[in-house]
Amino acid sequence: MINRPKGTTDLFGEELKYWYFIEETFKKVTKLYNYREIRTPIFEATDLFLRGVGEETDIVQKQMYTFEDKGGRSLTLRPEGTAPVMRAYIENSFMKDGLPQKFSYIGPVFRYEKPQAGRMRQFYQFGVELIGSPYALADFEVIRLAIDILNTLNLHNYKLYIGNIGCKNCRPKYREALKDYYQPKLNQLCFDCQKRFNTNILRLLDCKNEKCKPFQKEAPNTFDYLCDDCRKHFDELILYLDELDINYELDGHLVRGLDYYTRTVFEIKHSSLGTQDTIIGGGRYDGLIEELGGKSTPSVGFAGGIERVVLALKNENVNVPKLPNCQVYIAVLNEKARMPAFKLSQNLRGRGLIVEIDLMKRNIRNQMKYANRLNTQYVVIIGEDEIERGVFTVRDMETGQQIEVDEKWIENYIVEKFEG
RNA sequence: GUGACUGUAGCUCAGCUGGCAGAGCGUCUGACUGUGGAUCAGAUGGUCGUGGGUUCAAAUCCCACCAGUCACCCCA
């Protein structure tokens, strides 16, 4: 037997009701904010991610599905959604339509990682990008939008964390402060952190090792090292959040895994999720477009993980819309009934009803059993008797009551049952 | 990439001091010849994850690999 690849899943049945709910909610809310959907390829030139996401990141170093096509081009299944949208923005000259440009996307992304709860190799993200505004107004809109999505999904047990990692001017100062702080403590840290001290010192801040945690509290805070412009930007965002009633927690140690972030970073975590608890993550990336060869353009956005939101919905026991059931089953008792049955099924479907008809040539008893399992609401029975007398038998599967309806009225009779 | 735990019927699992591969649920059929849900009966269903080893004999013991789950790492 051939199994699905590691870290992938088949989505079907009842599970999909969560997915439909999330996808529809995302589309509904982004539409209200006037974001336009963009669908980019699932694979891109490998260079896009090397330059966009950053050569030093874990994503690029060990998580990309990279392959060569028959023309010798190096391609990569997208490991995230932002770089492709920025590429499309540059390539299609969207700036010609004026700024800001606001895009939404939803689809699969791929990272070669060891699967665990809330982490798959092929997983699904929804996200938005707001391109062109350097102001905290834009950061605020994007955060407001993320919160609106979660609220519309009827989720409650989430928390917004706001950080600011500065810009290319002030971040080096902060990095230095961190080094000064950790240097004398180096031999008290875990092995990984001793390595990270040189490779990616920001990561020392969210190490979960018990040896390292005590030092994190006292570690320098990003907020204390912001330059004047970053400070102003930060204060402005906080003002909006405070005035417009968005609950958040400041996190001066919030760092993110992708290199392109500048200034505002944020994460929304759900309390029920265990270790993979970030359901939405985002921030500002003012240097990304320029890095990819476009004209320097500030941007901000976020991405959310659908699998994790599904878990959150389940854990919070949110009532999500049910999948539709079969509404009418047409039981066919002999071959003479076959044609009238087909005609009725087509007419009812034409009126918008979900109709199933016997395809297995089963006897009446087994057709009833099958209809019962479909959870269908009405069964129309057509047999020799009915054909001769020009009527159809309609059975209400809930009450068990049965009535004969003249064939002239059958269609309207059933349609009316589903109105009101 | 590292670690822990787990792989037996479609599903949930028992069998594990080595000795004929089992149960419940599901599915199909019948009791009920034109009527579902309840009940009863019968049937269907297995590469015991894969490969090797030990043994007269392996689902059971040993080794390797594969897969799943959770955690590390990292992130949505």
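Per chain, numbering begins at 1; letters A, B, ... match sequence-line order.
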Within 6.0 Å of CD in A:Glu218, more than 12 heavy atoms from elsewhere: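 No.
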A:Met368 CE - B:A38 P separation (whole Å):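 My rounded result for the distance is 14 Å.
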A:Glu37 and A:Lys31 ion-paired at < 4.0 Å: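 Salt bridge between A:Glu37 and A:Lys31, a charged N being under 4.0 Å from a carboxylate O: no.
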According to the Watson-Crick and G-U wobble definitions, with both distances under 3.5 Å, which nucleotide is paired to [N]?
N: B:A57; answer: none
N: B:C72; answer: B:G1
N: B:G30; answer: B:C40
N: B:U12; answer: B:A23

N or O in side chain of A:Arg362 less than 4.0 angstrom from B:G36 OP1/OP2: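 Looking at the OP1 and OP2 atoms of B:G36, neither is under 4.0 Å from any side-chain N or O of A:Arg362.
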side-chain hydrogen bond (donor to acceptor under 3.5 Å, both in side chains) partners of residues 392-406 of chain A, not counting sequence neighbours, each pair once: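 The answer is A:Glu386-A:Thr393, A:Arg389-A:Glu404, A:Arg395-A:Gln402.
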Ring centroid separation A:Tyr378 to A:Phe418 under 6.0 Å: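 Under 6.0 Å, so yes.
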Proximal nucleotide (of B:C72, B:G34, B:G36) relative to the A:Arg119 side chain: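 Side chain of A:Arg119 sits closest to B:C72.
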Filtered N/O pairs between nucleotides 65-70 of chain B and protein, under 3.5 Å:
from  : atom 1 : to       : atom 2 : distance (Å)
B:G68 : OP2    : A:Lys6   : NZ     : 3.1
B:C70 : OP2    : A:Ala117 : N      : 2.8

Passing option when A:Asn325 is tested against A:Ile354, A:Asn375, A:Thr376 for side chain to side chain contact (heavy atoms under 4.5 Å, CB included):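 When side chain to side chain contact (heavy atoms under 4.5 Å, CB included) is applied between A:Asn325 and each of A:Ile354, A:Asn375, A:Thr376, only A:Asn375 qualifies.
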Exercise: do A:Gln122 and A:Tyr124 side chains pair donor with acceptor under 3.5 Å: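 Yes, because at least one side-chain N or O of A:Gln122 sits under 3.5 Å from a partner of the opposite role on A:Tyr124.
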Side-chain donor-acceptor contact under 3.5 Å, A:Arg171 with A:Asn169: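 Result is no, nothing qualifies.
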Interface with RNA chain B, restricted to residues 395-406 of chain A and to heavy atoms under 4.0 Å: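 Residues of residues 395-406 of chain A under 4.0 Å from RNA chain B: A:Arg395, A:Met397, A:Gly400, A:Gln402.
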